Amino acid sequence: MSEKIYDVPAEWAKRAWVDQAKYKEMYARSISDPNGFWAEQTKRIDWMHAPTKIENVSFAPGNVSIKWFEDGVLNVAHNCIDRHLAKRASQTAIIWEGDDPSQSKHITYQELHDEVCRMANILRTRNVKKGDRVTIYLPMIPEAAYAMLACARIGAIHSVVFAGFSPDSLAQRINDCQSKVIITADEGLRGGKKVPLKANVDAALAKADGVDWVVVVKRTGGKVDMNPTRDLWYHEAAAMVTTECPVEHMHAEDPLFILYTSGSTGQPKGVLHTTGGYLVFASMTHQYVFDYHDGDIYWCTADVGWVTGHSYILYGPLANGATTLMFEGVPNYPDNSRFWNVIDKHKVNIFYTAPTAIRALMQSGDEPVKKTSRASLRLLGSVGEPINPEAWEWYHRVVGDDRCPIVDTWWQTETGGILITPLPGATKLKPGSATQPFFGVVPEIVDADGKVLEGETTGNLCLTRSWPGQMRTVYGDHARFEQTYFSTYKGKYFTGDGCRRDADGYYWITGRVDDVINVSGHRMGTAEVESALVAHEKVSEAAVVGFPHDIKGQGIYAYVTLMAGVQPTEDLRKELVTWVRKEIGPIASPDQIQFAPGLPKTRSGKIMRRILRKIAEDEPGSLGDTSTLADPAVVDDLVKNRQNRK
Ligand code: WTA
């Protein structure tokens with residue numbers, strides 16, 4: 001752990017919304033008078049009916065219920081667009097930077113209004129109503145923003161599915177929330193390569209029922225099959241509708257979106273976020289964590305398929321009337337200077353990315369960074385996984401020229417917005433630490449038995465209080481919501497993360513303590529990869545664990561037991577990797593596959609993953625006690641044939 005401390009630069013303490021004294025004062029108030037504190041924060045957005053009830057929350061076992069601002073009435077699209085028009089009609093809302101560096105465009109708030117209304121009218125004329133689900137399977141093009149905001153405008157619930165997911169994964173998500181409409185594109189474009197999105201939708205819809213319409217955005221002009229009774233071209237439909245579309249009046253607790261995320265068991269969960277609390281929290285965190293001021297150019301490199309894209313490309317920034325940059329491409333195309341060139345091209349002031357990208361770019365040295373100016377940069381951010389101090393230092397020194405604070409923001413799909421983070425004008429930084437809780441957030445570290453650990457300690461991270469951006473339920477399965485988050489430590493929200501608190505009260509997230517792995521900042525349930533593997537006809541059993549990976553943070557290591565009589569060959573190994581890519585998507589590709597005649601199981605049949613993790617980490621000397629295994633001999637073979645020798 002790095003013990004270096006970076007002070008708040010003097011000019012930051014002066015210009016920032018929040019300095020150290022103000023952080024202390026606001027934090028104390030958020031804890032002692034949450035109703036008063038959050039009532040004030042509701043004023044940052046427009047309401048058709050301002051809420052009088054603030055917090056109504058129970059984390060009690062069997063009765064978990066989370067409501068904020070429940071008698072308020074509002075519309076998210078109105079807040080992100082219409083209310084800004086008087087002042088900002090001609091201000092750029094979205095800067096779109098294409099995969100090809102010669103393609104970019106500026107979309108003003110007025111244009112955003114018009115395009116969102118068109119998309120909303122396309123949906124309304126196809127009978128999409130308040131509460132209906134719409135699946136969005138789009139690349140990083142402005143239409144993704146139009147589609148999400150169009151849903152919000154008419155009260156439909158969007159479910160964005162990352163465009164890297166396979167047809168099967170897409171079908172599963174369409175079925176789970178019973179979407180009536182899919183919005184997709186002919187093809188996506190990333191790093192010069194085409195992704196067959198419409199063809200994927202066609203394949204998914206062979207396995208999903210109830211979809212009436214597929215709206216297809218023309219991105220590449222590639223050839224696609226159109227089903228005349230189901231599919232329509234967006235540009236043709238858009239030409240038939242107007243640029244005015246009245247907003248739906250939504251209750252604060254009406255759903256805004258569903259976003260599927262991996263858990264430690266079984267199928268992905270539909271994380272449900274609602275309207276009022278989510279928007280207040282996204283807007284507030286965006287303003288304070290990134291110290292957003294009028295006129296700043298802000299860039300978050302996430303994909304809208306993940307929660308970071310929802311809260312910090314779209315909803316937070318647009319609620320604040322910001323200029324937000326949306327990037328279609330990848331960090332290493334056409335070369336490793338791409339991020340920095342985009343920063344210079346659009347004069348980006350605030351840059352928010354993931355440790356995996358930083359580590360990958362760090363490998364190509366300082367030169368691709370140093371040949372760019374980056375003079376516009378003022379603040380850097382990190383999200384998605386723990387950032388190792390070496391990567392943090394490089395980001396600070398090389399990318400930020402020792403000038404820009406780094407906000408290492410810890411949060412989750414479930415939390416809706418950032419919960420543990422520095423505020424750049426208030427918090428001294430320690431490389432690798434997410435530092436301090438945001439307003440209203442009360443972290444608690446507990447041991448395996450739930451005993452609360454005080455002071456300097458390490459354990460499991462819980463949150464004892466609700467905040468407005470918290471998820472409300474698992475779509476269609478409230479029992480699973482309670483079981484997953486509130487049953488391990490009764491009366492508390494359990495994050496699934498391990499955490500250390502140091503002597504200064506700083507928080508250091510150490511990574512997942514459940515069967516979720518974090519591959520390049522993408523959450524992956526080991527159970528999902530296992531079920532994809534066992535779906536292959538030659539596989540009898542599979543166990544998947546994570547292992548430390550220099551660039552991805554964690555890699556995927558799969559132990560596979562083959563059906564009797566099947567030969568373990570190199571070709572089969574490749575076939576299984578391809579199979580998992582096809583079943584789930586490229587982000588789930590195993591880095592290592594080890595053929596294992598047997599897996600280490602207890603006498604009751606439970607796989608001892610601890611042992612598998614140690615072998616995958618190439619630490620066969622520290623397997624611990626193996627005497628409780630039904631057949632301790634399987635371990636010898638596993639150790640002998642391990643794939644990850646250093
Ligand atoms: C991890 C992404 C350390 C953590 C917003 C969490 C982090 C999971 C950080 C959520 C960080 C996210 N430091 N770990 N700054 N940010 N994580 O749902 O394990 O895709 O539980 O949300 O990512 O991933 P998710």
Side-chain angles (χ1 to χ4, degrees), residues 1 160-162 164-165 257-264 268-273 278 281-282 285-286 289 300-313 315-316 352-359 380-389 391-392 395 406-422 427 429-438 441 443 460-463 469-471 474 484-485 488 493-501 506-526 528 546 552-554 587:
M1 292 290 167
V160 182
V161 177
F162 175 56
F165 276 121
F257 66 84
I258 299 165
L259 185 56
Y260 286 88
T261 191
S262 295
S264 46
K269 296 181 286 274
V271 169
L272 185 91
H273 283 286
Y278 172 81
F281 199 69
T285 45
H286 175 261
V289 175
C300 164
T301 70
D303 191 286
V304 288
W306 312 111
V307 74
T308 309
H310 285 58
S311 301
Y312 299 114
I313 294 177
Y315 289 120
Y352 188 33
T353 194
T356 188
I358 298 164
R359 287 192 298 263
L380 302 171
S382 170
V383 60
E385 49 177 320
I387 179 164
N388 47 310
W392 195 103
Y395 196 25
I406 298 176
V407 287
D408 174 2
T409 63
W410 174 84
W411 59 296
Q412 311 179 295
T413 306
E414 293 88 338
T415 72
I418 295 165
L419 295 196
I420 302 183
T421 180
T427 319
L429 306 175
K430 297 190 188 189
S433 171
T435 77
Q436 303 269 288
F438 191 73
V441 174
N460 294 341
L461 180 65
C462 293
L463 302 161
Q470 185 170 21
M471 77 181 281
V474 170
T484 308
Y485 302 103
T488 318
Y493 171 84
F494 176 43
T495 64
D497 279 325
C499 184
R500 177 170 85 90
R501 185 171 47 222
Y506 272 48
Y507 291 87
W508 303 70
I509 308 297
T510 53
R512 302 290 303 196
V513 293
D514 53 9
D515 288 324
V516 171
I517 51 183
N518 193 326
V519 183
S520 301
H522 301 316
R523 263 166 81 163
M524 184 60 52
T526 52
E528 276 172 75
K552 298 181 182 181
Q554 280 188 297
I587 56 173

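Just so it is clear, the structure is predicted and the values come from calculations on it, not from any experiment. Order of appearance sets the numbers: ligands from 1, and atoms from 1 within every ligand.
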Original post:
Should the pair F257 and H273 be assigned to parallel (<30°), tilted (30 to 60°) or perpendicular (>60°) ring geometry?
Top reply: tilted
Is there side-chain contact between [X] and [Y], with at least one heavy-atom pair below 4.5 Å?
X	Y	result
F438	T409	no
I358	W392	no
Q554	M524	no
R512	D497	yes
Q436	Y506	yes
Y278	Y315	yes

Kindly confirm or rule out an N or O of [X] lying under 3.5 angstrom from an N or O of ligand 1.
X	answer
T261	no
T308	no
R512	yes

**OP:** Return the minimal non-hydrogen interatomic distance between G511 and P386, and the atom names on each side.
**Re:** N-CG, 4.3 Å
Tell me which protein heavy atom sits closest to [atom], plus the residue, atom name and distance to 0.1 Å.
atom	value
atom 24 (O) of ligand 1	R523 CD, 3.2 Å
atom 13 (N) of ligand 1	E385 O, 3.4 Å
atom 10 (C) of ligand 1	W411 O, 3.6 Å
atom 1 (C) of ligand 1	G384 O, 3.3 Å

Numbering as shown, the atoms of ligand 1 that approach [X] to under 4.0 Å (heavy-atom distance):
X	answer
T409	9 (C), 11 (C), 15 (N), 16 (N)
P386	3 (C), 13 (N), 14 (N)
D408	11 (C), 13 (N), 15 (N)
D497	4 (C), 6 (C), 19 (O), 21 (O)

**OP:** Classify the contact between N518 and ligand 1 as side chain, backbone, both or neither, using a heavy-atom distance cut-off of under 4.0 Å.
**Re:**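 Near ligand 1, N518 shows its side chain, while the N, CA, C and O stay back.
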Original post:
Where the closest heavy atom to atom 18 (O) of ligand 1 is concerned, which of V271, I517, T413, T421 has it?
Top reply: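 It is T413 that holds the nearest heavy atom.
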Subject >> Flag for T285-Y312: side-chain donor and acceptor within less than 3.5 Å >> reply: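 Yes, a side-chain donor-acceptor pair sits under 3.5 Å.
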